[in-house]
Amino acid sequence: MTTDSTAYAADIEAIKQVVATVEHSQQHKDPDEFLALFHPDAVWTTAHGKVLIGFEAISEFTWRVLPAADWDGKVSYEVIHVLFIRPDVAAVKVRQRYLSPDNESEGAPLYVMAKQDDGRWLLTACQNTVVVTD
């Protein structure tokens with residue numbers, strides 16, 4: 001992982017914990033755990049381009065697709081780059097891998113996260129992108 005500054009070590013660890021919780025919620029297909037990571041006014045764009053604006057839209061979509069997902073839960077999320085846009089806003093590049101005995105697919109999400117007054121980092125503007133191999 002690279003970052004623009006080592007001065008943000010505690011924030012980087014907190015951001016990595018959010019991404020680890022995304023991974024855990026996906027592995028366990030747990031909408032509540034996943035949704036707890038979002039800012040109420042968040043924007044989420046799915047890997048297939050569906051734009052979800054606001055917590056209600058993200059929640060409805062998540063409750064519809066996550067519990068019914070047909071993959072076996074083997075997924076990994078790795079923070080590969082953090083760019084602090086300002087001390088309380090970070091752009092976080094993630095490597096996402098879905099693993100199965102027959103197939104492996106990869107995503108390249110970008111999470112813009114905002115630090116709240118209570119110190120929590122929340123997903124605020126996110127774009128998930130499928131990596132297409134030639």
Side-chain angles (χ1 to χ4, degrees):
M1 180 192 73
T2 59
T3 184
D4 65 337
S5 174
T6 58
Y8 295 102
D11 287 315
I12 291 169
E13 286 308 311
I15 287 167
K16 288 168 88 176
Q17 185 55 52
V18 171
V19 174
T21 303
V22 170
E23 176 182 281
H24 187 268
S25 70
Q26 298 298 301
Q27 287 174 344
H28 294 89
K29 301 178 186 180
D30 185 340
D32 285 325
E33 184 178 41
F34 181 66
L35 292 167
L37 303 171
F38 283 89
H39 186 278
D41 297 323
V43 176
W44 181 271
T45 303
T46 70
H48 300 290
K50 183 171 183 66
V51 178
L52 307 168
I53 299 174
F55 184 82
E56 187 176 317
I58 295 166
S59 178
E60 186 278 323
F61 178 82
T62 299
W63 276 101
R64 185 167 38 82
V65 301
L66 187 56
D70 61 359
W71 50 276
D72 65 7
K74 290 183 178 76
V75 61
S76 69
Y77 287 71
E78 175 189 4
V79 173
I80 59 170
H81 185 78
V82 176
L83 170 66
F84 286 94
I85 298 165
R86 44 184 235 205
D88 61 341
V89 177
V92 182
K93 196 63 186 163
V94 175
R95 181 177 186 214
Q96 170 193 65
R97 294 175 54 220
Y98 287 90
L99 311 164
S100 73
D102 306 335
N103 190 22
E104 178 178 326
S105 62
E106 188 170 332
L110 176 65
Y111 300 157
V112 177
M113 300 173 70
K115 188 176 185 179
Q116 306 306 292
D117 291 339
D118 64 4
R120 292 181 307 137
W121 284 89
L122 294 179
L123 300 170
T124 305
C126 305
Q127 169 76 47
N128 200 355
T129 302
V130 172
V131 174
V132 179
T133 57
D134 295 328

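The side-chain contact (heavy atoms from CB on, under 4.5 Å) test with K16 is passed by exactly one of T21, V92, V79: V79. Of the candidates D11, D88, T124, K115 forms a side chain to side chain donor-acceptor pair (under 3.5 Å) with just one, namely D11.
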Show your reasoning for whether side chain to side chain contact (heavy atoms under 4.5 Å, CB included) applies to T46 and V65. CA-CA 11 Å; T46 70; V65 301; over 6 Å; no
With side chain to side chain contact (heavy atoms under 4.5 Å, CB included) as the criterion, how do W121 and Q17 come out once you've worked through the C-alpha distance, each side chain's angles and the decisive distance to 0.1 Å? CA-CA 9 Å; W121 284 89; Q17 185 55 52; over 6 Å; no
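Here CG of L52 is found 8.5 Å from CZ of F38. Values are rounded to the nearest 0.5 Å. Atom OG of residue S76 and atom CD of residue Q27 lie 8.0 Å apart, to the nearest 0.5 angstrom. Interatomic distance, OG1 of T129 versus NE2 of H48, reported as 10.5 Å (0.5 Å rounding). To the nearest 0.5 Å, atom CD of residue E104 and atom NZ of residue K74 are 12.5 Å apart. Separation of atoms NE2 (H81) and CD (E78) is listed at 13.5 Å; rounding is to 0.5 Å. Rounded to the nearest 0.5 Å, atoms CG (L66) and CG (D32) are 10.0 Å apart.
Side-chain heavy atoms closer than 4.5 Å link hydrophobic residues (I, L, V, M, F, W, Y) into clusters, and following such links, possibly through other members, connects V19 to Y98. V75 and V131 sit in two unconnected hydrophobic clusters of ILVMFWY residues. Membership requires side-chain heavy atoms under 4.5 Å apart, directly or through other members. Note on Y111: it clusters hydrophobically with L35, by side-chain heavy-atom contacts below 4.5 Å among ILVMFWY residues.
Taking both residues in full, the closest heavy atoms of D118 and R120 are given as OD2-NE, 2.8 Å, listed atom of the first, atom of the second, then distance. Across N128 and A108, no two heavy atoms sit closer than the pair OD1-N, 4.4 Å. Between I80 and V94, the closest heavy-atom pair is CG1-N, 4.2 Å. The shortest heavy-atom contact between V82 and A90 is CG1-CB, 4.2 Å. Contact between E23 and Y77 at its shortest, heavy atoms only, is OE1-N, 2.8 Å. Here the closest heavy-atom approach between residue M113 and residue I15 is recorded as SD-CG2, 3.8 Å.
When side chains are defined from C-beta on, C126 does not count as touching P109, because their heavy atoms never get closer than 4.5 Å. Using a 4.5 Å cut-off on side-chain heavy atoms (C-beta onward), V22 and L123 make contact.
When the shell of 6.0 Å around CG of D117 is examined, it contains 12 or fewer heavy atoms from other residues, nucleotides or ligands.
When ring centroids are compared, W44 and F61 stay outside the 6.0 Å threshold.
The main-chain N or O of F55 is never found under 3.5 Å from a side-chain atom of S59 such that the two would form a donor-acceptor pair. A donor-acceptor pair under 3.5 Å is formed between the side chain of Q116 and the backbone N or O of A114.
For the residue pair H24 and E33, a side-chain donor N or O sits within less than 3.5 Å of a side-chain acceptor on the partner.
Note on ring orientation: taking the six-membered ring where Trp is involved, the planes of F84 and Y8 are parallel (angle under 30°, cut-offs 30° and 60°).
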